[in-house]
Amino acid sequence: MARRKKAAVSSDLSELVRKFARNDVIAELEKEYQTLSSREIPLSSINDSPFVRKAPLSQEMVQDLGKSIREKGIFSPLLVRPCGSHFELVLGRKRYFGAKEAGLLSLPCLVFDLSDEETLLMILADSRDQRDSNVVEMALLYEELETRFHYDKQTLADLSHSSRSQVTNALRLLTLPDYVIREVSTGKLSYGHARALVPLSEEEIRDAVRVIHREKLSVRETERLAKTYGIAPSDVDLEVRVATLAGAEKTTIGKKGIYLRFLGKSELEKFIASLEQFARFKKDL
């Protein structure tokens, strides 16, 4: 494919941002690549985008997509860009992994020569407009645009149709350990759970994640848990132990007593029954 001439679009950052805010850049790029004819490219010759590689898809999603593709095929081509002897994915990441799951050997693709900056903006616009956008993917794109191309947070907010604080909070997720980032990306941990973990140390994060999964903590409960670290960590462990033994949803140890919260009446009745059983056992001794 003949290399297209680089327009002023990518030579002047402020002009690029100004145009992109009005969707002109994306619209123009879309006009260009949509006039191209698709071609079959071996799936083995297509690499995932390095910009969002740290944001894996959930295995359940990939399996569902693979099943759908096996049954219906792929009708919409992916967008890729040349990368040495291979190609690099730009748009169509879910279809790409779904096709791998389905065992396809090749995929219909549009080959479009894009700069790194244009590629980042294309992926950002696509992620922004998805109903189930991946916050980790967005954060990775923000980081690349901020560090490599000096986009400020307000510009990133404008581009992603969000607020400056939302951009800041998303970027903070990237300070978490890689295994936590993967869990957020795949849906094993919610964005709210992860936000509560950001101020904690690596050891505290590991302990908190273990508790979140074991006790199935809500976001609000996770926020309360996070506040206890560094204050009385021994109480946190004790609260978890008491909750586990009592079959309670949550235990809070306060200055004036221990508070147990149960999911429903049946759980409370089980707890009372266990106390009565213990009382009878103690009496028989």
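- One side chain, His213 or Glu183, offers a donor N or O that lies under 3.5 Å from an acceptor on the other.
- Side-chain N/O atoms of Thr155 and Asp152 include a donor and acceptor closer than 3.5 Å.
- Cluster membership check: Leu104 shares its hydrophobic cluster with Ile46, using side-chain heavy-atom separations under 4.5 Å among Ile, Leu, Val, Met, Phe, Trp and Tyr.
- The CD1 atom of Ile41 sits 11.0 Å away from atom NE2 of His86, with the distance rounded to the nearest 0.5 Å.
- At a cut-off of 3.5 Å, with distance as the only test, a side-chain donor of Tyr229 or Asp207 sits close to an acceptor on the other residue.
- The side chain to side chain contact (heavy atoms under 4.5 Å, CB included) with Leu141 is formed by just one residue from the set Thr119, Ile123, Leu121; it is Ile123.
- The nearest pair of heavy atoms linking Gly98 to Leu65 is CA-CB, 3.9 Å.
- Across Glu137, Met61, Arg182, a single residue satisfies side chain to side chain contact (heavy atoms under 4.5 Å, CB included) together with Pro56, and that is Arg182.
- Residue Leu197 forms a side chain to side chain contact (heavy atoms under 4.5 Å, CB included) with just one option from Val184, Ile212, Leu173, and that option is Ile212.
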How far apart are the C-alpha atoms of Asp116 and Glu144, what are their side-chain angles, what is the distance that settles it, and do they pass the side chain to side chain contact (heavy atoms under 4.5 Å, CB included) test? CA-CA 10 Å; Asp116 284 356; Glu144 285 288 328; over 6 Å; no
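- Panel note: side chain Arg95, backbone Ile74; no donor-acceptor pair is recorded below 3.5 Å.
- Atom CZ in Arg39 sits 10.5 Å away from atom CG in Leu110 (nearest 0.5 Å).
- The shortest distance between side-chain heavy atoms of Thr186 and Gln59 does not fall below 4.5 Å.
- Residue Tyr191 holds its OH atom at 14.0 Å from OG of Ser185, rounded to the nearest 0.5 Å.
- The pair Arg81-Asp113 fails the salt-bridge criterion, with no side-chain N (NZ, NE, NH1 or NH2) lying under 4.0 Å from an Asp/Glu carboxylate O.
- Atom CG of Leu91 is separated from atom CE of Met122 by 5.0 Å, given to the nearest 0.5 angstrom.
- With no hydrogens or angles considered, no side-chain donor-acceptor pair links Gln166 and Tyr142 at under 3.5 Å.
- Of the possible donor and acceptor atoms, one in the side chain of Thr175 sits under 3.5 Å from a partner among the backbone N and O of Arg172.
- Side-chain polar atoms of Ser201 and Glu204 form a donor-acceptor pair below 3.5 angstrom.
- Put simply, CD on Glu143 and CZ on Phe51 are 12.0 Å apart, with the number rounded to the nearest 0.5 Å.
- The NZ atom of Lys227 sits 7.0 Å away from the CD atom of Glu223 when rounded to the nearest 0.5 Å.
- Donor-acceptor pairing under 3.5 Å is recorded for the side chains of Lys94 and Gln130.
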